[in-house]
Amino acid sequence: TPEGAKLASLERGDAQRISTQFAVISQWVNDRVLIVSDYGDSGNANVMTLDPTSRTAVVTLVESEESEFYGEVSPDGSTLIYYMVNPETGRDLWKVPVSVTDDGIAVQGEPSEWFAGPNDDASPTWHPSGKWVAYMSNETGRFQVYVRSWPEGGVTELVSLDGGMAPLWSEDGSSLYYRDSDSLYVVDVVDKERMRFSRPRGLLNIPETGMILGNSLERSFAVRPGTGELLFFQSNAPVVIPKIILVEHRQTNQ
């Protein structure tokens, strides 16, 4: 929101401010650890963590002369993956070893490239197994959603058909959600070993629902844990305060 980042309660329907800024909120690691990206005094965004339940200061995890976004910790808690904006190669996927406790995240080594090339590769997100990473890339001239094997990255699957951005796995890893400028889609995993997918199915029309998109790299929706519900912000006019909307999705048998 214009007032900064807020922590909302779906049960109570209220919200409290947790920061006056943050460009991107990317992952809840546990009840007390939230990963964010924020612009510092240098004008570049860094990957940080904070405890939204307290007033403790943010802790910087990744900081460089460039900007880093969408930090996400692997399911086993050993690796933080994110994308870096490189003026020469565009957006690239990077990784850094970490350790995770109930109180926070500690970096355990130096960051290094995981996947870099002449195209924009962004918005990485872990499959719950830790064996695959979904991301978006414009290597074909338009953004599409791909899934790449971890850690070697040698196996790649194209998920979207006519463009795709901002991928997000379901809680159990049986489905992958993504969007384009007009629709929100889902694909189901039909082969867990080789990571094969069903054809994309449209879940909702973005203009008709008034779903707020932000920019093309942002995940403007979420999956509510323990349910088949999707959450997103809706606004029917620029002056309307956004509302959180729930859309239920259940996996179909293939």
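These figures come from a predicted structure and were not determined experimentally. Quick note: residue numbers are just sequence positions, from 1.
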Partners of Tyr178 by ring-ring contact (aromatic ring centres under 6.0 Å, His included), sequence neighbours excluded?
Tyr185
Tell me whether Gln27 contacts the main-chain N or O of Val73 through its side chain, where contact means a donor paired with an acceptor under 3.5 Å.
yes
Drop me the distance from Glu68's CD to Ser37's OG, to the nearest 0.5 angstrom.
8.0 Å
Could you tell me which residues satisfy side chain to side chain contact (heavy atoms under 4.5 Å, CB included) with Asp102, sequence neighbours excluded, listed by chain and number?
Asn30
With sequence neighbours excluded, tell me which residues meet salt bridge (charged side-chain N to carboxylate O under 4.0 Å, His left out) with Arg142.
none
Looking at residues at least two apart in the chain, or sitting in another chain, which of them share a side chain to side chain contact (heavy atoms under 4.5 Å, CB included) with Asp103?
Arg32, Thr101
Side-chain (Thr79) to main-chain (Pro97) donor-acceptor, under 3.5 angstrom:
no
Applying the salt bridge (Lys or Arg N to Asp or Glu O under 4.0 Å) test to Asp188, which of Arg196, Arg201, Arg199 qualifies?
Arg201
If we ignore hydrogens and angles and just use 3.5 Å, is the side chain of Thr49 paired with the main-chain N or O of Leu34 as donor and acceptor?
no
Side chain to side chain contact (heavy atoms under 4.5 Å, CB included) partners of Glu11, counting only residues at least two apart:
Ser9, Arg224
Could you list the donor-acceptor pairs under 3.5 angstrom formed by side chains in residues 106-119, with sequence neighbours left out?
unit_1, atom_1, unit_2, atom_2, d
Gln108, NE2, Ser99, OG, 2.8
Ser112, OG, Lys95, NZ, 3.1
Trp114, NE1, Pro151, O, 2.8

Tabulate below the donor-acceptor pairs under 3.5 Å that side-chain atoms of residues 130-137 make, not counting sequence neighbours, or state none.
unit_1, atom_1, unit_2, atom_2, d
Tyr135, OH, Arg148, NE, 3.2
Tyr135, OH, Arg148, NH2, 3.2
Ser137, OG, Asp121, OD1, 2.6
Ser137, OG, Glu139, N, 3.3

Who passes salt bridge (charged side-chain N to carboxylate O under 4.0 Å, His left out) against Asp14, sequence neighbours left out?
Arg12
Using the test salt bridge (charged side-chain N to carboxylate O under 4.0 Å, His left out), find all partners of Asp120 that sit at least two apart in sequence or belong to another chain.
Arg91
Mind checking ring-ring contact (aromatic ring centres under 6.0 Å, His included) for Tyr83 and listing every partner two or more places apart, or none if nothing turns up?
Phe69
Kindly write out the residues that satisfy salt bridge (charged side-chain N to carboxylate O under 4.0 Å, His left out) with Glu65, not counting sequence neighbours, or none if the list is empty.
none
Trp126: which of Trp150, Tyr70, Tyr82 passes ring-ring contact (aromatic ring centres under 6.0 Å, His included):
Trp150
Checking the side chain of Ser160 only, and the main-chain atoms of Asp162 only, is there a donor and an acceptor separated by less than 3.5 Å?
no
Flag, side chain of Thr227 to backbone of Glu229, donor-acceptor distance under 3.5 Å
yes
Whether Ser67 side chain and Val85 backbone form a donor-acceptor pair below 3.5 Å:
no
Is a donor on one side and an acceptor on the other found under 3.5 Å between the side chain of Asp191 and the backbone of Arg194?
yes
Pairs in or reaching into residues 69-82: which pass salt bridge (charged side-chain N to carboxylate O under 4.0 Å, His left out), with residues at least two apart or in two chains?
Glu72-Arg219
